[in-house]
Amino acid sequence: MKMKLKILVSLFGLMVVDNALGQELPRTYKAPEFDVEWRKPSNHPDRIVLSFGEDPSTSASVTWRTTSEIDTAYAEIAIATAAPKFWRNATTVQASTSTFDALEIDEAEVLANYHSVWFTDLKSDTTYAYRVGDGKRWSEWIQFKTAPKESLDKFSFLYVGDTQNFILELWSRLIRESYKKAPDAKFIVHAGDLVNNAHNEQQWQEWFDAGGWIHGSIGAFPIPGNHEYRNLGPEASQRSLSVQWKHQFTLPENGPEGLEETVYYMDYQNMRIIGLNSNVDHEKQAKWVEKILSETKKDWKIVTFHHPLFSASDGRDNKEWRELMKPIFDTYEVDLVLQGHDHSYARGRVSPNENVLDGVNMRDKTGTVYVVSVSGGKMYGLRKNAWEDYDAERDRAAENTQLFQVITIADKILSFESYTAVGELYDAFDLIKRVDLPNEFVERNKEAIAERRFSNTIPYQDPLPAGVEESLLLTYPGFEVGGVRFVNDMEFTGYKVRLDKGEERKELSLDVNGKILD
């Protein structure tokens with residue numbers, strides 16, 4: 001009987017009853033396997049991704065991939081109309097082609113050509129259609145719209161934190177739900193850790209497949225996270241930016257020398273948005289971002305990077321980065337900072353520079369608002385003391401929840417809304433721009449669902465048998481359970497448990513009844 005039960009679990013990952021104690025064993029997750037051929041390029045264009053230039057009213061880029069056999073490629077672009085033969089007015093642009101030879105790089109092991117074009121001198125506030133190919137094999141016609149020039153009209157964009165894990169499995173539903181919620185979004189901020197292993201071709205294929213045609217229709221504004229950096233191989237002494245990054249993204253090259261296409265900015269209508277690379281060259285970026293902020297006359301200033309100034313999760317603190325950047329953001333009155341890295345959600349703010357008493361309650365005034373969010377399936381726990389030891393106040397938080405954000409700017413009002421992967425409003429606030437005064441802050445959490453924690457959501461960790469956690473903590477005083485994973489395969493059936501005490505860590509194996517194994 002035991003053998004039959006074990007076979008059922010192995011084949012189907014179903015919850016079964018163990019004979020010894022009559023208890024239910026956790027359901028095991030069967031991760032999908034991907035054939036190597038699935039991620040290889042073909043002669044037909046794939047991995048098509050759109051981005052905008054520094055001025056998105058007149059310029060946009062598109063990048064795509066083929067086999068190395070396609071050494072000459074083109075893009076065609078035309079103003080889109082309802083007439084099906086709008087292509088009669090198309091312009092053909094020859095692409096720049098770069099060979100991506102990663103055959104000797106661990107986890108990449110591919111040879112491909114990437115092709116890219118910059119569309120320039122476009123008309124503002126105009127819908128264009130483009131296609132890419134080699135002259136015989138073409139993609140579908142894909143539409144996008146340029147930004148209005150110097151406009152105060154309402155527009156929205158999306159912001160997502162770490163994709164990183166379970167990309168095709170779980171991020172796909174999130175990014176597709178975000179499109180359903182904001183189909184007119186102009187671009188998407190990807191706040192780092194798009195993949196888990198920087199050079200891994202399978203994970204990049206998952207990222208492109210999960211977003212599908214959305215990547216080619218809504219401009220990407222990506223910045224690298226720490227997982228976009230990794231050694232090129234066992235002999236390499238330093239971590240390197242993902243070898244795919246500069247081949248597969250064509251981004252503004254207006255950042256500091258040596259950091260092109262990982263540090264850059266874009267002016268969209270009355271907003272300047274700046275992307276930073278929090279992994280490297282902090283001092284160089286600090287001088288650059290101060291200059292870029294000081295020069296702009298835009299009403300709204302938004303900055304995005306990966307490592308948060310105010311950490312959301314336990315055991316993390318980016319003190320040097322915070323002490324370097326926060327004074328600059330304070331001085332130049334950055335409105336909003338969008339971050340990732342911590343695999344939980346936190347939103348809070350700092351005080352404005354001056355306490356101006358003008359009849360508006362100081363609680364309703366704010367300096368920079370900071371947000372940390374996560375869009376993928378990997379989750380961490382929140383800091384136990386919130387932001388108490390920071391010079392900031394945390395207003396809203398979440399654990400164990402996939403989220404995306406819709407940010408809307410309409411002249412002097414910025415509206416921020418965070419949604420769960422099933423479309424529930426989780427967080428919301430407005431910022432109102434006031435002449436020579438701090439932003440007015442309008443809290444809108446009464447519109448949102450209740451706060452989510454590990455304690456009131458479907459468990460993220462596999463549950464241990466009753467009483468086992470208490471027994472472990474008595475056996476190992478001072479430790480906390482940092483992770484539990486139920487394993488059921490041909491080699492082992494039982495629990496893998498991680499115990500943490502400060503920097504000390506223990507890895508334990510337990511049988512199905514919770515008994516510690518040697």
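Residue numbers run from 1 in the order of the sequence given. For clarity, every value in this text was computed on a predicted model and none was experimentally measured.
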- [ ] Report the relative orientation of the aromatic rings in Trp204 and Trp207; use parallel for angles under 30°, tilted for 30 to 60°, perpendicular for over 60°.
- [x] perpendicular
TODO: Tell me, with the steps shown, if Gln205 and Glu201 meet side chain to side chain donor-acceptor pair (under 3.5 Å).
DONE: CA-CA 6 Å; Gln205 185 66 38; Glu201 271 290 293; over 6 Å; no
- [ ] Evaluate whether atom CD of Glu424 has more than 12 neighbouring non-hydrogen atoms of other residues, nucleotides or ligands under 6.0 angstrom away.
- [x] yes
Open item on the list: Is it true that, when you exclude Asp125 itself, more than 12 heavy atoms of the residues, nucleotides or ligands shown sit nearer than 6.0 Å to its CG?
Closed with: yes
Kindly compute the distance separating [atom1] ([X]) from [atom2] ([Y]), expressed to the nearest 0.5 Å.
X: Phe404; Y: Glu177; atom1: CZ; atom2: CD; value: 5.5 Å
X: Ser178; Y: Leu158; atom1: OG; atom2: CG; value: 4.5 Å
X: Glu399; Y: Ser313; atom1: CD; atom2: OG; value: 8.0 Å
X: Ser418; Y: Phe429; atom1: OG; atom2: CZ; value: 9.5 Å
X: Ser373; Y: Tyr159; atom1: OG; atom2: OH; value: 5.0 Å
X: Asn279; Y: His307; atom1: CG; atom2: NE2; value: 5.0 Å

Close side-chain approach of [X] to [Y], heavy-atom, < 4.5 Å:
X: Leu382; Y: Arg394; result: yes
X: Val280; Y: Leu241; result: no
X: Trp321; Y: Leu309; result: yes
X: Thr408; Y: Lys154; result: yes
X: Phe305; Y: Met325; result: no
X: Pro308; Y: Tyr370; result: no
X: Glu393; Y: Trp387; result: no
X: Tyr380; Y: Asp314; result: no

Spell out, as yes or no, whether a donor-acceptor pair under 3.5 Å connects the side chain of [X] to the backbone of [Y].
X: Arg383; Y: Glu388; answer: no
X: Gln203; Y: Asn196; answer: yes
X: Lys412; Y: Arg434; answer: no
X: Gln164; Y: Gly376; answer: no
X: Glu54; Y: Met266; answer: no
X: Thr296; Y: Leu293; answer: no
X: Glu260; Y: Glu253; answer: no
X: Gln143; Y: Ser217; answer: no
X: Arg39; Y: Ala108; answer: yes
X: Asn456; Y: Arg453; answer: yes

- [ ] Among Val303, Val337, Asn439, find the residue that satisfies the side-chain contact (heavy atoms from CB on, under 4.5 Å) test when tested with Thr368.
- [x] Val337
Specify the closest pair of heavy atoms between [X] and [Y], including all atoms of both residues, with the distance to one decimal.
X: Ile223; Y: Gly275; answer: CG2-CA, 3.7 Å
X: Pro45; Y: Ser139; answer: CG-N, 4.1 Å
X: Asn226; Y: Arg239; answer: O-NH2, 2.6 Å
X: Asp162; Y: His341; answer: OD1-N, 2.6 Å
X: Asp411; Y: Trp300; answer: O-NE1, 2.8 Å
X: Thr250; Y: Ser116; answer: OG1-CB, 3.2 Å

- [ ] Please confirm whether Arg349 makes a cation-pi placement over Phe441, using NZ or CZ under 6.0 Å from the six-membered ring centre and within 45° of the ring normal.
- [x] yes
Open item on the list: Do Arg396 and Tyr426 form a cation-pi contact, if we require the NZ or CZ to be under 6.0 Å from the six-membered ring centre and within 45 degrees of the ring's axis?
Closed with: yes
Task: Residue among Asp335, Asp299, Asn270 satisfying side-chain hydrogen bond (donor to acceptor under 3.5 Å, both in side chains) with Lys433 - done: Asp335
- [ ] Report the C-alpha distance between Glu295 and Tyr332 in whole Å, list the side-chain angles of each, state the deciding distance to 0.1 Å, and finish with yes or no for side-chain contact (heavy atoms from CB on, under 4.5 Å).
- [x] CA-CA 10 Å; Glu295 291 173 346; Tyr332 295 99; over 6 Å; no
Carboxylate-amine/guanidinium proximity below 4.0 Å for [X] and [Y]:
X: Glu107; Y: Arg230; value: yes
X: Arg444; Y: Glu417; value: yes
X: Arg485; Y: Asp462; value: no
X: Arg316; Y: Asp342; value: yes
X: Lys297; Y: Glu150; value: no

- [ ] Test side chain to side chain donor-acceptor pair (under 3.5 Å) on Tyr114 and Arg47 and set out the steps.
- [x] CA-CA 9 Å; Tyr114 279 88; Arg47 298 192 181 182; 3.2 Å; yes
Task: Tyr264 ring center near Phe221 ring center (under 6.0 Å) - done: yes
- [ ] Would you please indicate if the ring centroids of Phe52 and Phe187 are separated by under 6.0 Å?
- [x] no
- [ ] Determine, step by step, whether Phe310 and Lys326 satisfy the side-chain contact (heavy atoms from CB on, under 4.5 Å) criterion, reporting the C-alpha distance in whole Å, the side-chain angles of both residues, the deciding distance to 0.1 Å, and the verdict.
- [x] CA-CA 10 Å; Phe310 305 103; Lys326 182 180 179 297; 3.9 Å; yes
Task: Pair Val49-Phe208, side-chain contact (heavy atoms from CB on, under 4.5 Å): steps then yes or no - done: CA-CA 8 Å; Val49 59; Phe208 278 99; 4.0 Å; yes
- [ ] May I have the step-by-step check of side-chain contact (heavy atoms from CB on, under 4.5 Å) for Ile188 and Ile214, ending in yes or no?
- [x] CA-CA 10 Å; Ile188 306 175; Ile214 294 172; 4.0 Å; yes
Open item on the list: List the residues meeting side chain to side chain contact (heavy atoms under 4.5 Å, CB included) with Arg498, not counting sequence neighbours, and say none if there are none.
Closed with: Asp500, Arg505, Glu507
Task: Pairs touching residues 183-195 that satisfy side-chain hydrogen bond (donor to acceptor under 3.5 Å, both in side chains), sequence neighbours left out - done: Asp193-His306
